Every structure is written in structure tokens, then in C-alpha cells.
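The block underneath contains the structure these notes are about, expressed in C-alpha cells.
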Amino acid sequence: MEDQLIAEEIKRLKKERNAIILSHFYTRREVQEVADFVGDSLSLCRAAVNSKADIIVFAGVHFMAESASILSPEKSVLLPVPDAGCPMADMVTVKALREEKEKHPDAAVVCYVNSSAAVKAESDICCTSANAVNVVNSIESREVIFVPDKNLGAFVSLHTDKKIHLWPGFCHVHDNISEDDIQKLKNAHPDAEFLAHPECRPEVLLLADQILSTTGIVKQVEKSDSGEFIIGTEKELFEKLKRKHPDKKFYPPSEKARCYNMKKITLESILNSLENMEYEIHVPEHVRVKAKKALDRMVEISGS
Ligand code: 13P
Ligand code: SF4
């Protein structure tokens, strides 16, 4: 079937089933075009909570759909491709986290949303790239175990006086953006504003004009007087900004900055998801209740 026909059928089924499609900025262009809402991890959590739909089709990776299901258990949350995961989320397990907690009994656990429901359930509070500094500074404890992203954790540690125990996890997409890639782009385009995602390495972040979540990058491009930008995150956002602002110039950090898990979500898989109610996310209730506490605390401090 042609893309346009699939998109029409998706639209019809969404209405029939009272479903919405939520998408992250890193999915394919045609997927974002059928979505009701496209955003960063924090705004997607809020959209899941605020939606009146019965069904949420999550165009993103597993932890995102799981977070929506934890926050809104009365809705059916579907992930169109069951193995669309986040390798960073798999870099921390409950067992390893419990061992770390034993080593630092006075530390609170702050857990990046890029983590499993079970790890969230072991944590005191969640954060996203948009609110990590505020979340860490909001808690009482002077000591924090920050899981799983060492780069985001290192960025946070520069903006707090709390003692941060970093976890050795990372996002391969952002960690592969090198200082050399960026320095070359900056030399070639000295007037360009470099907007970097905090999952990038510390030496890359040192070169940034602004360090922002994906939504933060979109907003900064809108309000900046600059006409040129180096977009330090997954390449789909660069493509989107280029289409949206044809009067401005954009440079991608590297051709390799692609999240292949996000790209697993296709129009065909979304259509199948709505036709067959696949693949429904189920979080065991005892895990869900604890994980929800950590997510709720984050949503509370970030406002609605
Ligand atoms: P944000 O959505 O918070 O910008 O994070 C990007 C990301 O890597 C999500 O997996
Ligand atoms: Fe995970 Fe990185 Fe892909 Fe985000 S971009 S889902 S952190 S691998």
C-alpha cells in the first residue's frame, strides 16, 4: 500500500478506536506526520497523562511506551514494534542498582526516564534531559546515584553541589558525536550556534552554546537571532528543522547520529498496531505502583 493510503487508514482507525499517536522527534518523517503529538521525553509523558484517548500508540522506544502505561494504566498503550528498545536503558539492571545502593546507603537514586519500569521502581525520582538539573537540586539528599547516562550525570554534576555517583551507561547515538566532528563544523561555520543534547560527551558539551533537550533545541532555533545552527543530536531533528526553517542553515554533527531503534517504527507497523491492538505494554502492578511514584515526583516538580 502507498504511504498516503496507509496514513488515511491510520486516521480512520484512530477515530474509530479513540486512539492517539504520540511520537518522539527521532522517528521517521512519515511517522511524525501521522502523529497527534511530537515531542521530547518530558512532553510525551505529559501528553500521555493529559490525553482523553482510550488507546495510545507510541511511536518511540520501549521505555517511552512503558512510561505512558505506568502513568496512565487505564489506557491501552501499544508499541508498534516490540523490540524497538533503547540500548542505554538496558545498561542498568535492578540487581546492579541494588548493589550500588548498598555501597551508598545515604544516596537518593535519580533515574533518567531512559530505563526499565523495574529500575524506575528502585529509584526515588525520575528525570528527563529537560529537567535533570532541577530534579537533582529538588531532592533533599546530599548524595545521588544517577543512572544510567554518565554524560547526562556529568552535565548535572556541574550544576549542583551534591555528590553524584555516575553510572557507566551512555547513548551510542550521542556518545559517537566527537569533539573533532564539532570542531571541524565550528571552524567551517564560525557564526553557527551549536545546540547540544546533554547525552553528548563532556568534551563536546564544552563546545556548546546551549545544552538542551530536543524540545529545547526546537524552541531555541525559533527564538534565536542566529541564522545558522549545528544540531548536536540525532539526525532526524536536523532534517525536521531544515524543513521547518528554510531561511536558516543547519549542520548535522555526523551522518552516523541515527537511532536505528526509533527508525524501526514505520507506517505499516502503526497500521498493524491499530488493526490488531499490538503490542500492548503490560507492567506488573507491584512494579507499576512504585515506578509511578518516581515518575509522578518528576512530573510534579516540572509542572504540567
Ligand atoms: P529527550 O527526548 O529528553 O530530548 O531525550 C532524547 C533521547 O535520547 C530520547 O531517547
Ligand atoms: Fe536510546 Fe539514544 Fe536511541 Fe534515545 S537516541 S532511544 S537514548 S539509543
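Just so you know, residue 1 is the first one in the sequence shown, and it goes up from there. The structure displayed is predicted, hence computed values, not measured ones. For ligands, and for the atoms within them, numbers begin at 1 and follow the listed sequence.
- Residue contacts with ligand 2: Glu199 is included, with a non-hydrogen atom under 4.0 Å away.
- Using bins of under 30°, 30° to 60° and over 60° for the plane-to-plane angle, the ring pair His172/Tyr260 lands in the tilted bin.
- Remark: the backbone N or O of Val283 is not paired with any side-chain donor or acceptor of Arg288 at under 3.5 angstrom.
- Ion pairing between a basic and an acidic side chain is recognised when a charged N comes within 4.0 Å of a carboxylate O; Glu239 and Arg258 show such pairing.
- Of all non-hydrogen atoms in Phe58 and Leu79, the two that sit nearest each other are O-CD1, 3.6 Å.
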Quick check on ligand 1: any N or O pairs to the protein under 3.5 Å? One line per pair.
from	atom 1	to	atom 2	distance (Å)
ligand 1	2 (O)	His24	NE2	2.7
ligand 1	2 (O)	Ser41	N	2.8
ligand 1	2 (O)	Ser41	OG	2.9
ligand 1	3 (O)	Ser129	OG	2.6
ligand 1	4 (O)	Ser129	OG	3.3
ligand 1	4 (O)	His197	NE2	2.9
ligand 1	4 (O)	Thr214	N	2.9
ligand 1	4 (O)	Thr214	OG1	2.8
ligand 1	5 (O)	His197	NE2	3.2
ligand 1	8 (O)	Glu199	OE1	3.2
ligand 1	8 (O)	Glu199	OE2	3.0
ligand 1	10 (O)	Asn114	ND2	3.3

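- Under a 3.5 Å cut-off, the side chain of His104 and the backbone N or O of Asp106 do not form any donor-acceptor pair.
- Ring pair His245/Phe250 is tilted by interplanar angle, where 30° to 60° counts as tilted.
- A distance-only check finds a donor-acceptor pair linking the side chain of Glu234 to the backbone of Glu236 [under 3.5 Å].
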Item to check | Derivation and outcome, ring pair (Phe, Tyr, Trp, His ring centres under 6.0 Å), residues His165 and Phe146 | outcome: CA-CA 6 Å; His165 301 284; Phe146 191 95; over 10 Å; no
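- Counting only protein atoms, the N, O or S atoms lying less than 2.8 Å from atom 3 (Fe) of ligand 2 are Cys259 SG, ordered by chain and residue number.
- Using a cutoff of 4.0 Å between basic side-chain nitrogens and carboxylate oxygens, Glu66 and Lys120 are not scored as salt-bridged.
- One finds a salt bridge joining Glu33 and Arg29 here, because a Lys/Arg side-chain nitrogen approaches an Asp/Glu carboxylate oxygen to under 4.0 Å.
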